[in-house]
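Below you'll find the structure, written out as structure tokens, and then a few comments.
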Amino acid sequence: MAEFESIVILTGAGISAESGIDTFRDAGGLWERHRIEDVATPEGFARDPDLVLGFYDSRREALAKVEPNPAHRALARLEREFPGDLLLVTQNVDDLHKRAGSSEVLHMHGELLSALCTSCEMRTPFDATMSNRPPCPVCQAPTLRPDVVWFGEMPYQMDRIYAALGKCDLFVSIGTSGAVYPAAGFVQEARLAGAATLELNLEPSEGSHFFAESRHGPAGQLVPEWVEEVLAG
Ligand code: BV8
């Protein structure tokens, strides 16, 4: 690996698979048991809030039973030891990057451990259940929803992400199927900026052909190896 000065990393559900968190599109994944339209859209939430709040309550509770894996820990090591600029963007709503030691994590699709109040629009840390309609810690209204970006909603901090993509010299995509936009388009932004592009995924994703290099295998093995390479510069 040549010396890099500015790296943007995008992670998806595949980086948390070896920690025991279901991905969306693999066999037995989340979307096999729930229709996206029913649990991950504003319309689904309006139609059946109890179904949606229960879906996220169960995923939030599952977090307490899983641990970060070597891939999360390798990215935390990269943050500590890489001398250049590093932006870690995740599509995941789990907290495993943070628990592995990454201090700067951009959750573009929100977080299970955050609540958004539909009355006062404040976002607050949250690690309980929403099905029993707890009061918003700020305005007391019983109108909390998961602070998660649903389909048709605008992901968080897109300006910051595009600015970083425009000036990076390496973009790495880890554990994502490349099925959902705008995240799936980041590789093209990076290429336009002249960056090198690398995909680390269990198998070729829908966007593999956009990457200059693709490595296939479990993130728990590929990511520590790649971090070692980058730090050896
Ligand atoms: C937006 C949070 C509008 C929730 C998620 C038509 C109609 C309406 C909308 C659209 C449309 N066409 C396109 C769109 C836009 C839409 C979209 O892309 N739809 C798709 C389905 C076509 N996107 C949106 O709506 C986004 N918003 O567009 O805003 C807008 C835009 C501009 C201006 C104004 C408004 C919002 C999308 C966000 C949805 N929220 N998550 C939650 O978590 O519950 S999506 C969810 O799925 C993830 O966050 C992620 O983004 C996405 C993909 O999941 P992955 O992480 O990739 O996981 P997946 O299971 O798919 O793949 C796992 C991969 O890991 C696999 O490749 C597998 O091989 C690999 N793997 C498995 N094990 C391992 C491994 N790799 C390594 N090691 C292993 N061990």
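Atom set for the values below is all heavy atoms of this structure, side chains included, hydrogens, waters and symmetry mates excluded.
Remark: side-chain polar atoms of Ser19 are not paired, donor with acceptor, to backbone N or O of Ile21 under 3.5 angstrom.
Other residues, nucleotides and ligands contribute more than 12 heavy atoms inside 6.0 Å of the CD atom of Glu206. Atom CE of Met122 has 12 or fewer heavy atoms from other residues, nucleotides or ligands within 6.0 Å. For Asn132, the CG atom counts as densely surrounded, since its 6.0 Å shell holds more than 12 non-hydrogen atoms of other residues, nucleotides or ligands.
Remark: Leu51 engages Asp38, Val39, Asp48 in a side-chain contact (heavy atoms from CB on, under 4.5 Å) (not counting sequence neighbours). The side-chain contact (heavy atoms from CB on, under 4.5 Å) search around Ser6 returns Asp85, Lys167, Cys168, Asp169, not counting sequence neighbours. Not counting sequence neighbours, the partners of Glu228 by the side-chain hydrogen bond (donor to acceptor under 3.5 Å, both in side chains) test are Arg77. The side-chain hydrogen bond (donor to acceptor under 3.5 Å, both in side chains) search around Arg33 returns Asp22, not counting sequence neighbours.
Arg133 places a side-chain heavy atom less than 4.5 Å from the side chain of Pro49. Between Arg123 and Tyr156 there is a side-chain heavy-atom pair separated by less than 4.5 Å. By the 4.5 Å heavy-atom criterion applied to side chains, Ser214 and Asn201 are not counted as neighbours. The shortest side-chain heavy-atom distance between Leu113 and Asp147 does not fall under the 4.5 Å cut-off. Using a 4.5 Å heavy-atom cutoff, the side chains of Cys117 and Val138 are not in contact. Within the 4.5 Å cutoff, the side chain of Glu67 has no heavy atoms near those of the Leu96 side chain. Residues Arg59 and Val93 meet the side-chain proximity criterion, which asks for heavy atoms closer than 4.5 Å. Looking at Leu78 and Trp226, their side chains come closer than 4.5 Å, going by heavy atoms from C-beta outward.
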Go through the steps to decide whether Thr11 and Thr176 satisfy the test side-chain contact (heavy atoms from CB on, under 4.5 Å), and finish with yes or no. CA-CA 6 Å; Thr11 63; Thr176 181; over 6 Å; no
Given the rule in the side-chain contact (heavy atoms from CB on, under 4.5 Å) test, do Met108 and Met158 qualify, once you have shown the distances and angles that lead to the verdict? CA-CA 8 Å; Met108 66 178 288; Met158 291 306 293; 4.1 Å; yes
Run the side-chain contact (heavy atoms from CB on, under 4.5 Å) check on Leu106 and Arg160 step by step: do they pass? CA-CA 9 Å; Leu106 198 164; Arg160 184 172 166 213; 3.8 Å; yes
Verdict with reasoning, Val89 to Ile9, per side-chain contact (heavy atoms from CB on, under 4.5 Å): CA-CA 6 Å; Val89 181; Ile9 295 173; over 6 Å; no
Between Lys98 and Asp95, is a salt bridge (charged side-chain N to carboxylate O under 4.0 Å, His left out) present by the stated rule, with each step listed? CA-CA 5 Å; Lys98 183 175 169 192; Asp95 63 339; over 6 Å; no
Before you tell me yes or no, could you show the steps for Glu229 and Arg215 under salt bridge (charged side-chain N to carboxylate O under 4.0 Å, His left out), namely the whole-Å CA-CA distance, both residues' side-chain angles and the distance that decides it to 0.1 Å? CA-CA 14 Å; Glu229 254 176 55; Arg215 298 180 193 177; 3.0 Å; yes
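Atom CG of residue Leu165 and atom CD of residue Gln188 lie 11.5 Å apart, to the nearest 0.5 angstrom. One distance of note links CD of Gln221 with CG of Asn69; it measures 12.5 Å at 0.5 Å rounding. Once rounded to the nearest 0.5 Å, the distance linking CD1 of Ile15 with OG1 of Thr23 reads 13.5 Å.
No path of Ile, Leu, Val, Met, Phe, Trp and Tyr side chains, each step under 4.5 Å between heavy atoms, connects Phe4 with Val8, placing them in separate hydrophobic clusters. In the hydrophobic cluster analysis, where Ile, Leu, Val, Met, Phe, Trp and Tyr join through side-chain heavy atoms closer than 4.5 angstrom, Val223 is grouped together with Leu170. By the criterion of side-chain heavy atoms lying less than 4.5 angstrom apart, applied directly or through intervening Ile, Leu, Val, Met, Phe, Trp or Tyr residues, Leu112 is grouped together with Phe45 in one hydrophobic cluster.
Residue pairs that meet the ring pair (Phe, Tyr, Trp, His ring centres under 6.0 Å) test with at least one member in residues 159-200, sequence neighbours left out, are Tyr162-Phe186. The ring pair (Phe, Tyr, Trp, His ring centres under 6.0 Å) analysis of residues 67-126, with sequence neighbours excluded, yields the pairs His72-His97.
Shown here for Leu88 and Glu104, the closest heavy-atom pair between the two residues is CB-O, 3.9 Å. The two residues Phe151 and Pro42 come nearest to each other via the heavy atoms O-CD, 3.4 Å.
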